[in-house]
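In what follows, chains carry the letters A, B, and so on, assigned in the order in which the sequence lines appear, proteins first and then strands, with residues in each chain numbered from 1.
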Protein chains: 2
Amino acid sequence: MRRTKAEAEETRSNILSAAERLFYEKGVSNATLEDVAKAAGVTRGAIYWHFSNKTDLFLALYNSVQMPQEDMLAREIEEPGSDVLGNIEKLTVDWLDELASDEHRQRIFTILLRCDYSEDLMPVLERQQEVDDRHAALLENAFAKASSEGYLDANWTPRSATKALWWMMGGLCSEWLLFGRRFDLAAEGKDGLKRLFAGFRPVTIDMVGSAEVHSMT
Amino acid sequence: MRRTKAEAEETRSNILSAAERLFYEKGVSNATLEDVAKAAGVTRGAIYWHFSNKTDLFLALYNSVQMPQEDMLAREIEEPGSDVLGNIEKLTVDWLDELASDEHRQRIFTILLRCDYSEDLMPVLERQQEVDDRHAALLENAFAKASSEGYLDANWTPRSATKALWWMMGGLCSEWLLFGRRFDLAAEGKDGLKRLFAGFRPVTIDMVGSAEVHSMT
DNA sequence: ATTTTAACATACATATTTGTTTGTATAATT
DNA sequence: AATTATACAAACAAATATGTATGTTAAAAT
């Protein structure tokens, strides 16, 4: 039953998809390698051939998903003179759209969210932290640029705006993923972001007219 | 070795605390009942006497933490004429303070966040959802009251404000709990909430002065 | 055409965890 | 004071998952 290299690569990939489905459905630690093997149409022998153990399989799965478009974010910031806040907002909304339409990514993120990280999975947590930190730093740079150009309302600092956006995105996606996707992520997210970003932009005189003016109490 | 009723109740509580610590440290599914028993200074016999199995123990632990102060929120809304938005903000900040100073609650929440919910734990997830929904509904009521009294900026609706606040709190607490509490939850949370709530309040003429006025492009 | 080796399947040995059963000392009951 | 039921500990049985070792077949290599 010796397979050609292409076939072997296919079973490897089959194992990975099966692992993704089962880790997602039963949780990483509740899914057994026997389950994964059966779902992939192979025996554990195949799994142990391609991966050294469950942790290794998990790490391979984790590495198989390419993380969000940092480069895009970085490039958007470079673009001079354009509407920086608008760019950030668009990028964020796009990211939500992608997540909403990519079940693969949904499952991976869900797995990452709700797996309990025992000691051997710590590298995953740490790498997640790294990526997050870099990402947040880029965001803060973008907001800093917006701020220096006068496009950030005085109420916000680059750092606070970054965090508000970050936390809102985190809460939004977590709730959506963990609680059965009970709402339209793209639509609701877009709406929420629109309002949040409206708050980021400086207030202009003509905006005040529409609101009732309250006297200070 | 038959113990008095009080002693028995104490071992039961010891088991619960040990379970809390170990579920927190190793994750629910990676912590064995033997671990818990050892940590509690008993044998598994004691655990099986007080609880029927691990799931039951987990549920008991979950039930032992009283959920956030819905009643307080409900009462605050009733209070007439007062600054509703201010009340919500204060309540939220207080909630963060409590979480920041209550390690017990921190561990419970962390456990709930990162345990993978296999089928037998589903009741927990569902109850969490229930509580969350009720809580969110109360919040929305409060924002609706604020709105009807003209205290909510036109940019926001009760529902959108609720969600923005909800998601931000969720993201904030999740990041803090899951990523090693790397920042000052109470301080940063308070700051972020201050800015978010500033955006909730209607803009008044005198606020515009401090900001540079940009011409419309 | 042989030989070798890659890509698995199969079988096995072991460790781990769980659930249950039995034993037992003592508090509570009568 | 004798009995009973409680609150466990200790032992046992069974299931489950893991890791490894061995077998097998066909693709490559020679």
Side-chain angles (χ1 to χ4, degrees), chain A residues 1-61 64 111 115-121, chain B residues 1-61 64 111 115-121:
Chain A
M1 307 214 171
R2 148 90 137 144
R3 309 293 167 79
T4 172
K5 243 188 180 178
E7 286 173 325
E9 200 48 44
E10 197 187 333
T11 70
R12 189 191 129 98
S13 131
N14 284 345
I15 293 172
L16 278 172
S17 340
E20 179 187 311
R21 287 207 315 277
L22 274 152
F23 287 175
Y24 171 73
E25 286 169 17
K26 312 180 65 169
V28 176
S29 36
N30 295 326
T32 160
L33 289 186
E34 180 71 32
D35 293 336
V36 174
K38 208 169 293 181
V42 293
T43 68
R44 284 187 309 124
I47 296 183
Y48 277 103
W49 172 258
H50 287 283
F51 312 93
S52 60
N53 52 36
K54 199 207 257 186
T55 302
D56 187 46
L57 172 58
F58 180 83
L59 290 175
L61 185 60
S64 79
I111 292 170
C115 81
D116 25 61
Y117 295 93
S118 56
E119 315 199 5
D120 48 350
L121 296 184
Chain B
M1 305 212 175
R2 146 94 138 141
R3 307 293 166 77
T4 173
K5 244 188 179 179
E7 287 172 324
E9 199 50 41
E10 196 186 334
T11 70
R12 188 191 130 98
S13 129
N14 285 345
I15 293 172
L16 278 172
S17 341
E20 178 186 311
R21 287 206 314 279
L22 275 151
F23 287 176
Y24 171 73
E25 286 169 17
K26 313 181 64 171
V28 176
S29 37
N30 295 324
T32 160
L33 288 186
E34 179 72 32
D35 292 336
V36 174
K38 210 171 288 179
V42 293
T43 68
R44 286 186 308 124
I47 296 183
Y48 277 102
W49 172 256
H50 286 283
F51 311 93
S52 59
N53 52 37
K54 199 206 258 188
T55 302
D56 188 46
L57 173 58
F58 179 83
L59 290 175
L61 184 60
S64 78
I111 293 169
C115 79
D116 28 59
Y117 294 93
S118 56
E119 315 199 5
D120 47 350
L121 296 185

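Nearest heavy-atom pair, A:Cys115 versus A:Leu121, reported as atom, atom and distance to 0.1 Å: SG-CD1, 4.5 Å. Between A:Val42 and A:Ile15 the shortest heavy-atom distance is CG2-CG1, 4.2 Å.
No donor-acceptor distance shorter than 3.5 angstrom exists from the side chain of A:Asp35 to the backbone of A:Ala31, with no hydrogens or angles considered.
Rounding to the nearest 0.5 Å gives a distance of 14.0 Å between CG of B:Leu61 and OH of B:Tyr24.
Look at CG on A:Asn30: it is 12 Å from P on C:dT18, rounded to the nearest Å. One can place CD1 of B:Ile15 at 10 Å from C1' of D:dA7, the figure rounded to the nearest angstrom. Rounded to a whole Å, the CG atom of A:Leu57 is 14 Å from the C1' atom of D:dT18. Going from atom CG of B:Leu33 over to atom P of C:dT18 covers 5 Å, rounded to whole Å. In this structure, the CG atom of B:Leu22 is 12 Å from the P atom of C:dT17, given to the nearest Å. When rounded to the nearest whole Å, the span between CH2 of A:Trp49 and P of C:dT10 equals 17 Å. Atom NZ in A:Lys54 sits about 9 Å away from atom C1' in D:dA17, given to the nearest Å. As a whole-Å value, the separation of A:Glu7 CD from D:dT25 C1' is 13 Å.
Contact check, B:His50 against D:dA7: no side-chain N or O comes under 4.0 Å of OP1 or OP2.
Along DNA chain D, the nucleotide closest to A:Glu34 and the one closest to A:Gly45 are compared, and the more 5′ of them pairs with A:Glu34. Of the two residues contacting DNA chain C, namely B:Asp35 and B:Lys5, the nearest-nucleotide position lying further toward the 5' end is that of B:Asp35.
In the set C:dT20, D:dT18, D:dT6, the nucleotide with an atom closest to the side chain of B:Tyr48 is C:dT20. For B:Arg2, the side-chain atoms get nearest to D:dA5 when compared with the rest of C:dT18, D:dG19, D:dA5. Ranking C:dA9, C:dA6, D:dA9 by closeness to the A:Thr43 side chain, first place goes to C:dA9.
Within 4.0 Å (heavy atoms only), A:Thr4 reaches sugar-phosphate atoms of the nucleic acid but no base atom. Using a 4.0 Å heavy-atom distance criterion, B:Thr32 is classed as a sugar-phosphate-only contact.
Counting heavy atoms of neighbouring residues, nucleotides and ligands inside a 6.0 Å radius, atom CD of A:Glu7 exceeds 12 of them.
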